[in-house]
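Reckoned from all heavy atoms, side chains included, excluding hydrogens, waters and symmetry mates. Each chain gets a letter, A, B and so on, in the order its sequence line appears, and its residues count up from 1.
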2 protein chains.
Amino acid sequence: MTDRSHPAGKPIRTAVTDEDGIDFAIIELFFFAYRDFTSDPDQILSDYGFGRAHHRVLHFVNRRPGLTVAELLDVLKITKQSLARVLKQLIDTDHVVQLQGPRDRRQRELYPTAKGRALALALARPQSRRIHAALEDFGATERALIERFLEAMVNPELRAQIDIVPAKMSGKSHGDH
Amino acid sequence: MTDRSHPAGKPIRTAVTDEDGIDFAIIELFFFAYRDFTSDPDQILSDYGFGRAHHRVLHFVNRRPGLTVAELLDVLKITKQSLARVLKQLIDTDHVVQLQGPRDRRQRELYPTAKGRALALALARPQSRRIHAALEDFGATERALIERFLEAMVNPELRAQIDIVPAKMSGKSHGDH
DNA sequence: AAATTATGTCAGTACTATTGACGTAATTTC
DNA sequence: GAAATTACGTCAATAGTACTGACATAATTT
């Protein structure tokens, strides 16, 4: 609409580029990459009536079996109420089970069932394939570089969450406090 | 809840690892990296009452001034109705203006105003800083590698969208530092 | 016994997205 | 020139994921 009743700014016809001192190239690549990265599991999830939130819960429950609700909330950075519905659905559909904490019986330790493990793997498979394809021409050195880059993109305070993951790294056993 | 009335699966107590043939390390890194990557602009946006959807529109309007509504829908992969509200708000707040298409007057070419350009840059700044910091120890070769990786993560059919971007590669003098 | 902690749940709200339907103006086709 | 198509805008209804605040329960700690 060329009609404007209130003082509208004039159109700027030049594109922003990296010359503005901002790394638009990588910003945009990151957007496209993540959009497509999540599209594969999203499709599978819709068959189950699940969404991305279910995927995240399922992922971390499989990745750190036995984590408590509080720990999960901390990793996902969402509220208890947001988690509630999603977790309930996963439990009702027998993808996740809760066990009473052995030391503290108020706690609920979360574990995947065989069904939940299978779904988690099914969701991760296309993502892993995509990564493999993207790393096709790369060797171990380049792969390590990508990992270093991605890790550096994470907030330093939150990098601890990554290290909790079993296996993988070597001497990263800053155990529990 | 140790009580289950229906046949629930048994808890699996071992964590999934890369040994399952799946690249969980990078999958998880990608998740954390993107989560934090978007957190900076999200904070700024909330001051304006805007959300991530506004950011995306603002980004592409600044990146390809003069694109039409249809083109924008194609890039964002959302529906017209989803775009409508967001775009309207950006126009009402004088961040974006519409001009009649010169050749086809049905089309609306979208342009940023000075205000819209400023906001787009403000949103991109912390993201760019984060990228710079992550690439700190990397040279041009490593940087190119990261770009190649991210580009390879995008669906091949959709890579065309990336190339539309002006300037970009070639003798990219990603200037100072 | 009282306070705290871990979890669950209810009510209300917001944002982003969806599909379907309809209207209008401009362009293209017959 | 009339009809069909295209580009865009808008209305209504719905869903998924998130939020805040409040309150309940059981277990643990003080």
J.: Expressed as a whole number of angstroms, how long is the span from D42(A):CG to dG16(D):C1'?
T.: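 From D42(A) CG to dG16(D) C1': 12 Å.
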J.: On DNA chain C, does the nearest nucleotide to G51(B) precede the nearest nucleotide to E109(A) from the 5' side, or the other way round? Give the residue.
T.: E109(A)
J.: Can you find a side chain N or O atom of R52(A) that sits less than 4.0 Å from OP1 or OP2 on dA17(C)?
T.: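 Indeed not, no polar side-chain atom of R52(A) lies that close.
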J.: I'd like to know if Q81(B) reaches the base of dG9(D) with its side chain, counting only an N/O donor and acceptor under 3.5 Å.
T.: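 No, the side chain and the base share no sub-3.5 Å donor-acceptor pair.
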J.: Answer yes if the ring centres of H95(B) and F50(B) are under 6.0 angstrom apart, and no otherwise.
T.: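 Yes, the ring of H95(B) comes within the 6.0 Å limit of the ring of F50(B), centre to centre.
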J.: Is any side-chain N or O of R85(B) closer than 4.0 Å to OP1 or OP2 of dT16(C)?
T.: yes
J.: Can you confirm if the NZ or CZ of R13(B) lies within 45° of the ring axis of Y111(A) and under 6.0 Å from the centre of its six-membered ring?
T.: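 Yes.
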J.: Tabulated below should be each protein N or O lying under 3.5 Å from an N or O of nucleotides 25-28 of chain C; please produce it.
T.:
{"unit_1": "dT27(C)", "atom_1": "OP1", "unit_2": "R105(B)", "atom_2": "N", "d": "3.2"}

J.: Can you check the L72(B) CG to dG9(D) C1' distance for me, whole Å?
T.: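 In whole Å, dG9(D) C1' and L72(B) CG are 15 Å from each other.
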J.: Can you tell me if S82(B) touches the phosphate of dT18(C), counting only side-chain N or O atoms and a distance under 4.0 Å to OP1 or OP2?
T.: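 Answer yes for this pair, as a side-chain N or O of S82(B) is under 4.0 Å from OP1 or OP2.
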J.: Rounded to the nearest angstrom, tell me the gap between atom CD1 in I78(B) and atom P in dC8(D).
T.: 14 Å
J.: Could you state the interatomic distance from CG (L83(B)) to CD1 (I78(B)), rounded to the nearest 0.5 Å?
T.: 5.0 Å
J.: What is the separation between atom CG on L87(B) and atom C1' on dG9(D), rounded to the nearest whole Å?
T.: 10 Å
J.: Please name the residue in the list Y34(A), F149(A), F30(A) that meets the ring pair (Phe, Tyr, Trp, His ring centres under 6.0 Å) test with F37(B).
T.: F30(A)
J.: Does the ring center of F31(A) lie less than 6.0 Å from the ring center of F24(A)?
T.: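 Distance test on ring centres: not under 6.0 Å, no.
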J.: With rounding to the nearest 0.5 Å, note down the distance linking NZ in K115(B) to CD1 in I12(A).
T.: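 Interatomic distance, K115(B) NZ to I12(A) CD1, rounded to 0.5 Å: 13.0 Å.
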J.: Quick one: is dG8(C) close enough that its OP1 or OP2 comes under 4.0 Å of any side-chain N or O from Q98(A)?
T.: yes
J.: Between atom CG in L99(B) and atom P in dC8(D), what is the gap in whole Å?
T.: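 That distance rounds to 13 Å.
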J.: So, does T79(A) get its side chain near the phosphate of dC19(D), meaning an N or O under 4.0 Å from OP1 or OP2?
T.: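 Result: yes.
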J.: Between dT10(D) atom P and L83(B) atom CG, what is the distance in whole Å?
T.: 11 Å
J.: Where the side chain of V69(A) is defined as all heavy atoms beyond and including C-beta, which of dG8(C), dT20(D), dA17(C) is the nearest nucleotide?
T.: dG8(C)
J.: Respond yes when some side-chain nitrogen or oxygen of H54(B) is under 4.0 Å from OP1 or OP2 of dT16(C), and no when none is.
T.: yes
J.: Taking the six-membered ring for Trp and the single ring otherwise, decide whether the centroids of Y48(B) and H54(B) are under 6.0 Å apart.
T.: no
J.: Strictly by modelled atom types, are R130(A) and N155(B) linked by a side-chain donor-acceptor pair under 3.5 Å?
T.: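 A pair is found: one side chain offers a donor N or O, the other an acceptor, under 3.5 Å apart.
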J.: Decide yes or no, distance alone: a donor-acceptor N/O pair under 3.5 angstrom between the base of dG9(D) and the side-chain of K80(B).
T.: yes
J.: Whole angstroms only, please: what is the CG-C1' distance between L73(B) and dT18(C)?
T.: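 Taking CG of L73(B) and C1' of dT18(C), I get 14 Å after rounding.
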J.: In whole angstrom, give the distance that lies between atom CZ of R108(B) and atom C1' of dG9(D).
T.: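 Rounded to whole Å, this separation is 8 Å.
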